[in-house]
Number of protein chains: 6
Amino acid sequence: MELTHFNTSGRAKMVDVGDKKDTERYAKACGYIEMKRETLKAITDGKVKKGDVLAVAQVAGIMAAKKTSEIIPMCHNISLTGCDIDFEIDFTSCRIYIISTVRTFGKTGVEMEALTAVSAAGLTIYDMCKAIEKDMIIGDIKLLEKKGGKSGEFIRG
Amino acid sequence: MELTHFNTSGRAKMVDVGDKKDTERYAKACGYIEMKRETLKAITDGKVKKGDVLAVAQVAGIMAAKKTSEIIPMCHNISLTGCDIDFEIDFTSCRIYIISTVRTFGKTGVEMEALTAVSAAGLTIYDMCKAIEKDMIIGDIKLLEKKGGKSGEFIRG
Amino acid sequence: MELTHFNTSGRAKMVDVGDKKDTERYAKACGYIEMKRETLKAITDGKVKKGDVLAVAQVAGIMAAKKTSEIIPMCHNISLTGCDIDFEIDFTSCRIYIISTVRTFGKTGVEMEALTAVSAAGLTIYDMCKAIEKDMIIGDIKLLEKKGGKSGEFIRG
Amino acid sequence: MELTHFNTSGRAKMVDVGDKKDTERYAKACGYIEMKRETLKAITDGKVKKGDVLAVAQVAGIMAAKKTSEIIPMCHNISLTGCDIDFEIDFTSCRIYIISTVRTFGKTGVEMEALTAVSAAGLTIYDMCKAIEKDMIIGDIKLLEKKGGKSGEFIRG
Amino acid sequence: MELTHFNTSGRAKMVDVGDKKDTERYAKACGYIEMKRETLKAITDGKVKKGDVLAVAQVAGIMAAKKTSEIIPMCHNISLTGCDIDFEIDFTSCRIYIISTVRTFGKTGVEMEALTAVSAAGLTIYDMCKAIEKDMIIGDIKLLEKKGGKSGEFIRG
Amino acid sequence: MELTHFNTSGRAKMVDVGDKKDTERYAKACGYIEMKRETLKAITDGKVKKGDVLAVAQVAGIMAAKKTSEIIPMCHNISLTGCDIDFEIDFTSCRIYIISTVRTFGKTGVEMEALTAVSAAGLTIYDMCKAIEKDMIIGDIKLLEKKGGKSGEFIRG
């Protein structure tokens, strides 16, 4: 197996995708942030009366998806046609699951955009709750699904 | 416990740190990216002859640390005095551990900068290897240590 | 009437425009900045001998148009094909009118880019004259015209 | 009266503030966005059940405040110590008033940051409601108050 | 000969390229950074045992290419399909030659992206070696080749 | 001589300047862009009647100085207290000389900011004249002077 992001001198390059076809591209990624029960309660209570942490994380994730090529050096700068984020709160494991979906029409996939959206949303939740807990953990950031392009469909087993 | 990032209308604000003292601030965070043995081998081989994935991830992490306040909405924009990243490769678990350290002298801590550096480095490794594996997982992103400021020292238990 | 920028959880999303057709898009927006007669005179005199405030505002407006999707969270990041700004000085009302035109070929309109260009140009004029007047007012920022896309032509009544 | 942002060749410069004293700086700015009654109703209803336009505008305004020196060419890039935005809904005039406050400790004032926050929040409200109304107007963006620095206190008459 | 980037008021505009055809675009640019023999030796030694300056410069150049429209005011913001940088070390002249190639498919050429990549790579080499030499010179930044678009092929004579 | 920007693993780091003293920092850099006589004439004529290329380059250089730490990976992100650019037109050599001065008060020098300002101004001149000449060359970008900090004063010999 060969890494594709390097030139003949062994240095990183932004791979040329000029020959790839424009197709509809879709990626779905997820991850979670785990915290203490009290922290999770502060977030869910906040939604109702004091302030909505997840609304801020949502905006952060979507803005980060658009910024992906500025964060990840060899990522192509592309126009996204859509981006959404969902949160699922699991009171048993004290986790907030973050699920992102990103779409574009173009020559490159949007896996990195979906993963970046999840990361940024998770980091934002951490930031907004860090005054009450510093032990939170962001984990299990992974690609769930990918459509479009030559390599075709990927669905996580 | 109360969330501090909200105003009286229940909307997010960038907390005023004007009254905080300028002190030396330090934060250390970590996380890992887990992959198949072949993928890890491609990375470690690459260092020797084809291309150094981790050199790119290093740059990505440091640049992201500087960009943290653009990625995390309520984060203060601050000048960092130093940032470094280390990688530890564990062939048993097939993981690359990413450890970041960030320093500043100022009114706010740099936990978010350290966590953002880890995330961006992990995402960059994913990006540069995704042509050979899409199943990689970025996990266990957490704060290890924090010094400076009113809340004092934090060392992960 | 329904807001379109929210998902089923009631959280903001970047609306999917993947199904929209690529068409030529055009938007024209305007606004003004009102100031004291002496301030306006300093600007118009400056053009001749000391320094051209509007040349800087022009650059600011055009650069902001390109940056729109970084400023407005749910705005799609798109490539613009053209952008121009005109200033009209009205000595009677002591206003500088700012008129922007933006063009692209794509799936989304460029209203926000045109409005953002006007705002940034106005703010820049404020910045460059604030040493001599702090009472300036930026006002009446609005869309004048819009062409292209499913919703068709809009001309302000 | 002389414009201060120009060098002896009559070209724009970023004024040297190196000799100014570090003091606490504060600025408060406001503006409004005016719309049809139905649009305003969609926003206020949305808060309750469908989606909170103002939560997104709040985040946009705060992030734009931090980005001010990238939008306004001769503005100094500075670290803000705090930023908040408030919205006041006036059903009679069908306006949402946007009030921003920005603080820092440093050599330059934060008027431009406060004004930029108001503009970005207003533009974001426009963006999120433009599918139901294109006639909205953003107006009366002005500085209300300013503290700190050599020029001292400014309170709008 | 007429400058094309100005409107009828004599102010800069981003030229409208809406009528241009989408074609494959390619540009190749180069430049060099000249230094003392010891500095060059530190770089070439570093590659082997201490740290790879050129790996960082490579990343900087590619990221800057993507950022071109934020650095050069009247440049269109476009998606690049590929970008690569090569370094050639000339021990006789004590120069590192930097050669960039950039590709896209669209309405505008990528000369500025190629030139910006060279500049950023050169500046990065300067930055990383400035502790040992401040006399380095970046020179001879120029376009070598350009393909695609109405103006056709350009090969430096 | 040792490169300072690398950690013990031989990877790039942002050097810790936390122990450095805050002092006044100043840097002056220069460079030129060389072109055909007709191109230079178009620029100097433009100033008078059609459009001022150098006004745009001035803004570009100053904005790039503020953006330096986003362009140069290991550069500290710092607040500048002042930045100016001067142009000297030499009709004999058909060159426009670009001279930048940058100031700050802090722990790191501003050489890179001064050099980046020169580069960005040069690239902008190229961009705005490339429709009439593609053979322009940007050259001799170098540090002229530097004050402040432990390494003290540097004046180019």
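All figures in this text were calculated on a predicted structure; none of them were measured in a lab. Order of the sequence lines fixes the chain letters, A, B, ..., with proteins taken first and strands second; residue numbering starts at 1 for each chain.
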query: So, are E:Arg11 and C:Asp84 salt-bridged, with charged N and O less than 4.0 Å apart?
result: no
- request: Dump the intermediate steps for side chain to side chain contact (heavy atoms under 4.5 Å, CB included) on C:Arg103 and E:Val17, then the final yes or no.
  value: CA-CA 9 Å; C:Arg103 290 169 198 278; E:Val17 297; over 6 Å; no
task: Please check if atom CG in E:Asp19 has more than 12 non-hydrogen atoms from other residues, nucleotides or ligands closer than 6.0 Å.
output: no
query: Where on C:Ile62 is there a heavy atom nearer than 4.5 Å to chain E: the side chain, the backbone, both, or neither?
result: side chain
message: Looking at E:Asn77, is its backbone amide N or carbonyl O close enough to the side chain of C:Ser79 to form a donor-acceptor pair, meaning the two atoms are under 3.5 Å apart?
response: yes
query: Picking from E:Thr108, E:Thr8, E:Asp16, E:Ile78, which has the most non-hydrogen pairs under 4.5 angstrom with chain C?
result: E:Asp16
query: Got a sec: does the NZ of E:Lys130 have more than 12 other heavy atoms crowding it under 6.0 Å?
result: yes
- prompt: Taking 4.0 angstrom as the limit, do C:Lys67 and E:Glu70 come out as a salt bridge?
  reply: yes
query: Does the side chain of C:Leu80 reach to within under 4.5 Å of the side chain of E:Met14, using non-hydrogen atoms?
result: yes
message: Once rounded to the nearest 0.5 Å, what's the spacing between atom NE2 of E:His76 and atom NZ of C:Lys66?
response: 8.0 Å
